[in-house]
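Just so it is clear: chains get the letters A, B, ... in the order the sequence lines come, proteins before strands, and each one is counted from 1.
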Amino acid sequence: MSTATLTRPDRARVTSWLQNYGVYLAVVVLLLFNIAFTQNFLSAANFRTQLVQAAPVCIVALGMALVIGTEGIDLSVGSVMSVAAALVPLYLGAGPLTVIVVALIAGVVSGLFSGFLVAQLGIQPIIATLALLVGGRGLALVIAHGQLVQLHNRDFLALGTGDVLGVPIMVLVAAVLSVLAGLLVRRTTFGRHLVAVGGNRPAATLAGLPVKRVLIGVYAISGALAAIAGVLSTARLGASDPNDLGLLMELSAITAVVVGGSPLTGGRVRVLGTVFGALLMQLVHATLIKHNLPDSAAQMVQAAIIVAAVYVARERSTR
Amino acid sequence: TSREETPAAQSNGSGPAASAASAAPSADGCTIDKTGYPKLDPKTAIVGFSQSEKEANPFRIAETQSIRGEAAKLGIPADHLLTTNAQSDLNKQISDIKSLLDRGAQLLIVAPLNSDGLQPALDAAKAKKVPVVTIDRQVTSKPCTDYLTFIGSNFIEQGHRAAAALAKSTGGNGKVAILLGSSGNNVTTDRTKGFKDELAKTPGLTVVAEQTGEFDRSKGQSVMEQLIQSHPDLTAVYAENDEMGIGAVNALKTAGKNPGKDVKVVSVDGTRNAVQLIVDGSYNAVIESNPRFGQLAFQTLQQFEDGKPIPPSIVITDDSYDESNAAQKVGNAY
Amino acid sequence: MIATTVAPPSERGAAFATVLQRQGAAVVLVLGVAAAWFAFPRFGSADNLRDLALQSSFLAVIALGMTFVIISGGIDLSVGSVYALGGVLAAYGSRYGLAVAILLPLVVCGLIGLINGLLIARTKMAPFIVTLASLLFARGLLLALTNEGATTYKVEPGSALLWLGQGKIFGIGVPVYLTLVLFGLGGLLLRRTRFGQSVFALGGAEQSALLMGLPVARTKITLYTLSGTLAGFAGVLTAAYLQSGVTVLGVGTELDAISVVVIGGTLLTGGAGTVLGTLVGVLLKTLIQNVINQVGTLDSNYQTVVSGAFLLVVVVIQRLLARSRRS
Amino acid sequence: MTSTADAQAATMTAPVLEVSGVTKRFPGTVALDNVSFALRRGEVHALVGENGAGKSTLIKVLTGVYRPDEGQVRHLGEPVEFRRPIDAQRAGISTIYQEVNLVPLMSVASNVFLGREPRTRTGLIDWSAMNAQARELLSGYGIDTDVRRPLHTLAVGAQQMVALARAVSTKAGVVVMDEPTSSLEPREVDTLFEVLARLHAEDISVLYVSHRMDELYRVCDSVTVLRDGRVVHSGPLKPLPRIELVSMMLGREIRQIRAEGVTAFGEEHHAEQEPLLQASNLSGGNKLRDVSVSVRPGEVVGLAGLLGSGRSETARAVVGAFPLDGGTVLLAGKPLKRGKISAAMRAGIALLTEDRKADGIIPNLSVRENIVLAALPRLSTFGFVSRSKQDRVVKTFMERLRIKASSPEQKVSELSGGNQQKVLLARWLATGPKVLLLDEPTRGIDVGAKAEVQALIDELAQDGLGVLLISSELEEILDGADRVVVLRDGSVATELTGDAVTEDNVLAAIAAGGDNDVDRDTDET
Ligand SMILES: Nc1ncnc2c1ncn2[C@@H]1O[C@H](COP(=O)(O)OP(=O)(O)OP(=O)(O)O)[C@@H](O)[C@H]1O
Ligand SMILES: Nc1ncnc2c1ncn2[C@@H]1O[C@H](COP(=O)(O)OP(=O)(O)OP(=O)(O)O)[C@@H](O)[C@H]1O
Ligand SMILES: [Mg+2]
Ligand SMILES: [Mg+2]
């Protein structure tokens, strides 16, 4: 046998390994790079910072991954976060629990609305949620009278700064939600339906799957997760800042999902990949700041890393 | 029960209006005769105000409020004050100004989104012989011909003063991090330049990091959290607006540091929240950037119509807050 | 007879419905203009209308490229940054003469488009993510060129470039004419050339297009290059109009471009669309903005709510019309 | 065209298209294993083999879609390496792929001429010339329609004819057809054969893939048999007995096949009296007019008709996937909620659709997930799916239907066409339906599998299932159905029972009324 026949399967195996585990590898590489070249990187406090900062993006990206799994996209997540933030001061008097419930309701309602537009009216996801992206933040500002509000409720603020057994609450929430999302996708009928809808919608319809319910449900989940991220970020900030909270979050979340190996064409959801996608982008971000790169270079480097990560994880055609 | 939350700004603009720092109208200023514009009475004329960004931060809220408040005080009927908001979109601001002119505005007050790029709008005003007063941000066009005058702060000077304040509170030694404003914004450019120029005079202070926080509290906080990790020996922070400064304070507190003591914090703006932090002891100084241009703007227009010469720019005096005066003056903050 | 129990829709009714569906946005535009004309006395002034045309032209040029990309089933998020970059390069280049001022941005922006196209066509990465990366890249490049945004290049006074942005023919701005010419050419390219047919085929069924032997990769590369170049050209026009290469331009412009293309009836999934529809979409967007200004009393926060709601209403109307036509 | 004297001389002897030693591997399978064969000038060469034997893969290698791992392709004696389909096309090899590969949203004319549109002197596309040429060309294929309408408004068969017209009109030297007749009805098949005769006369070579034995013997000169990616026979077709050909394809003894027969429908079933499924007066748009069909338990009802006569729509309407203006569907006497597919399914109706690519398989998912998809609610508790229950079901059906896949976890899109069809059948059987609506269930299935499917239909009917069988193969309907409903123009032309179910009767019912316009029913779009 010629050498070509020997190396070919090997190369195929390497590329398929990279495709599946590329994002984990990238995280490891970046960690090693930082350990070697970044001062004061190896400290518990630093890892804690990275995890806490990655948590909101991660939470939003989980919802985004589900939506993308159905061949959709949710551009409204940032605005939903801002609506959630705007609602916080209005209900904080009744306690943090009420705030969370109210924000969740708002997130779910907004998700139901997107889902309705997509599933019932057949409007394309990107445009349905674009309308919410534009209008939602305006609505949040109307609710908040355009004002940033300083928060003082200790219990609420603890959501952003507190620990449970040494693990920051935000990280804990993100971890639990990730596990739940993983279970949802792999182990529930809803999850399997979701991928089928994304894989071939007419086929899913004709297989008698509750396509509309799945779509609406997915957007509702995405809305709810965005609302949770909004509440947590608000708690961390110590203020309700509907004008700025969650700006461009949709792009960060989509990047995390895609870098994590879920194709934008739907039909496949990689939950752990998404989590690592969020971590990867967080590490990139941190690395750039810690090396004090100017904004111009930072943006170009980020662009290059996104392309490289997606290039490695892309679906290849067999030829 | 205790108060759970506090609004960021008193929108009643209770602080002092901006006042001019420059000398009295000089003879070589711009006069109505030089421009050949028609004479009007600002109190009965139609006045147009073009705001650049959403009224969603204390500065913009106070600024718009001050214009409206002054108009009301002068007895200008509500339908004679036309307002638009460019929503941070330069092209929109141009069309906004053109549509103000189209709707009959005879005097214009413009808060430019950017120093460059408003030329077409200014040209349109010129063609209609409408005087334009720009506030808070200077445009790079020609005063008197393209626009009447600029009223606002000197951002470079604000940077100087911030550096001086920082030198004072740190005792002239330490490592400084700068939280920059949005890239490409000339406010960022000027406040950075002024700060660095002045800081160079204090050799004990070195800038170890400068990263953008995009004038945003949460971004300022995130960046600061990173910097605390990679520069544990940081002793001072200069934030180019209060919001990022407050974010930095949050980050320092979460990291178990003592802002105002271990790490000195200085910023520019003069918002209520930041000044309150000085009072509370976790902030060191705030250089004011006064947004209350209403009185001065209308006054200037009045003087112009009265035939008095108007200088090409009217730089206002900005206050500053530090440990010594914050408690008394916190009521002035917006 | 069974067949006659269900009365077929009258010929004229059916034709009207077809027009409505195909030109849903145009109908909304006509109604909107008529309403604005009635409600606001100043709306119909020649000045205002000329302004509307001029202001529409920059976005229109960007949206033209986006139309091609979207018909092919792709998307180009980089146009906003590329647009700003084009403006900066034009202003910078103006000191070396008109040719440089125009060619430099077109070449650089075209190159960014070309790279987009190459990555999309050759590596099978999703257009969304590739152009998202180049959105970052172009903005970073712009910041690098302008000393982190601290330098704003002015178009040389007296440069012939200024005429492109500020010149007037019969009182109407030069960019308006240029836009119309580009749309004319765009229409020809789309409807009357093999390239245009390939674009439709790609968007309708990429796999089939490949198996039918169409030059899929080449078409994609051309498309994205075209989109980048047009965004760059819009930047040139804007720089000429504003007399400077403004660095803060173009943030979120990609979303504006996408929404006007979709409002204009182009399918985001690809395979169908017209350049004329896009023009209508741009005019609709300008109209709503102008109406908000004419009303004048709307809180700035409500303005975005109204814009979002408007986008939604147009898309829903279109959708419902399309549906009613089918059944 | 390269028509120099010596080139011609060379091609007289050398085959037009030749592959030697071609191997193509996919992860987990060797689709082609050292395959060699030659296509000679002017011949119609049959390529046959079981599902998954490698026919489509070989074609894709020939036409530049796949690159072979080993081996060589020669065209006109010269070694060639087609990197893309367009290379093959330029070299004069044009292909009709197994699945219709056209652009649905574009006009019929555009589809015919895509990539080689007639142009005016200015270089712009000459639409009027193009439409005129397309109209003329297509009428030669029995398609008289407004060529400006979008392709997707044509019925599948008509689309296939468009693809054929496109392929043949490129003036190719070689035309490759991968199961061209699988969505054609008899009359169109005749048209196709006329085209083949024309190609033959013009000395054009044809590589022809089909599972229909009759066709092969009607039109093909020689044959190559593939089994498990290997060539097991190559030579002239006519002298080869049919049974021997089948035996080579299946790799089974001739004796065994003799015993089992080629179609595997058994005896007539004893239908009980009460109808299980009763669809009455279904009307929808101008596709269906007052169609009534009923199926009793244990009965196989055939639905016959021309392409576009509304058979698929009837089946779709029953499960609620086709919007109805009127009519009722009763299952076991209980009315079904209109337009709710999930309700119909829960009640026990299953629809196997005819277009497996567009609305059948979920390409990204594994064979396992495709099989259990519709049955998921039954295989889960409180919304959580049980893996072990799934595996049991999947194993059962993969064995029972002899689904050829490297493992249940293989992506379904990597299976051959026929195996995909079996996966879909498994999907529905796994739901344990009471009534099965089978729309072209044996399309693209090899003879062996076809017999299995037919036997299965039989067996299911024995077990008390009601089956509605739609097929374009008259033989299948005649053999398999106890009762035949013939549709014409969206309404019931006649219903034949018992001895009345004969080829003549069915054909008479189909043909009555004369012309069958392909576009009759969709002129409003
Ligand atoms: N893209 C692919 N990836 C992996 N395996 C593949 C791929 N395409 C085909 N195969 C495998 O190669 C083998 C041959 O498939 P092919 O489609 O050529 O069969 P076929 O002879 O055309 O069958 P049919 O009659 O069912 O169409 C099958 O086992 C199939 O599963
Ligand atoms: N609502 C629909 N959605 C998707 N496909 C449809 C729909 N209605 C009809 N079709 C498809 O359009 C084609 C045209 O239907 P046609 O009237 O030819 O059905 P038919 O009589 O069953 O013919 P055949 O099945 O032999 O092609 C069919 O393939 C049908 O499946
Ligand atoms: Mg095949
Ligand atoms: Mg059918």
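Contacts between D/Leu373 and chain A at a heavy-atom distance below 4.5 Å involve backbone atoms as well as side-chain atoms. No part of A/Thr265 comes within reach of chain D, as not one of its non-hydrogen atoms sits under 4.5 angstrom from that chain. Using a 4.5 Å cut-off between heavy atoms, D/Arg427 touches chain A through its side chain atoms alone. If you measure heavy-atom distances from A/Arg201 to chain D, you find no contacts under 4.5 Å at all.
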Starting from the C-alpha separation in whole Å, work towards a yes-or-no answer on salt bridge (charged side-chain N to carboxylate O under 4.0 Å, His left out) for D/Glu440 and D/Arg356. CA-CA 10 Å; D/Glu440 310 284 359; D/Arg356 64 170 165 266; over 6 Å; no
Kindly indicate, with the supporting measurements, whether the criterion side-chain hydrogen bond (donor to acceptor under 3.5 Å, both in side chains) is fulfilled by D/Asp69 and D/Thr23. CA-CA 6 Å; D/Asp69 297 330; D/Thr23 297; over 6 Å; no
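Counting only residues at least two apart or in different chains, side-chain hydrogen bond (donor to acceptor under 3.5 Å, both in side chains) contacts with residues 211-227 of chain A comprise A/Asp74-A/Ser222.
When A/Leu206, A/Leu209, A/Leu184 are compared by the number of non-hydrogen pairs under 4.5 Å with chain D, A/Leu206 comes out ahead. Considering only heavy-atom pairs separated by less than 4.5 Å from chain D, the leading option among A/Gly191, A/Gly199, A/Ala196, A/Gly267 is A/Ala196. Counting heavy-atom pairs closer than 4.5 Å to chain D, the top residue among A/Ala207, A/Pro210, A/Gly198 is A/Ala207. Put simply, of D/Asp355, D/Asn370, D/Leu424, D/Leu365, the one with the most heavy-atom pairs under 4.5 Å next to chain A is D/Leu365. In terms of non-hydrogen atom pairs under 4.5 Å with chain A, the most contact-rich of D/Leu352, D/Val319, D/Val61, D/Ile361 is D/Ile361.
Between D/Glu409 and D/Arg368 there is a salt bridge, with a side-chain nitrogen of the basic residue lying less than 4.0 Å from a carboxylate oxygen of the acidic one. Salt-bridge check for D/Arg25 with D/Glu70: passed, with a basic side-chain N closer than 4.0 Å to an acidic carboxylate O.
Residues A/Phe190 and A/Val185 have side chains not in contact (no heavy-atom distance under 4.5 Å, counting atoms from C-beta outward). Between D/Leu151 and D/Gln159 the shortest side-chain heavy-atom distance falls below 4.5 Å. A 4.5 Å side-chain heavy-atom check between D/Leu105 and D/His152 finds at least one atom pair inside the cut-off.
The two atoms that bring D/Ile362 and A/Ala204 nearest to each other are CD1-N, 4.2 Å, heavy atoms only.
A distance of 9.5 Å separates CD1 of D/Ile403 from CZ of D/Phe397, quoted to the nearest 0.5 Å.
Using non-hydrogen atoms only and a strict 4.5 Å limit, the part of residues 379-389 of chain D facing chain A consists of D/Ser380, D/Gly383, D/Phe384, D/Val385.
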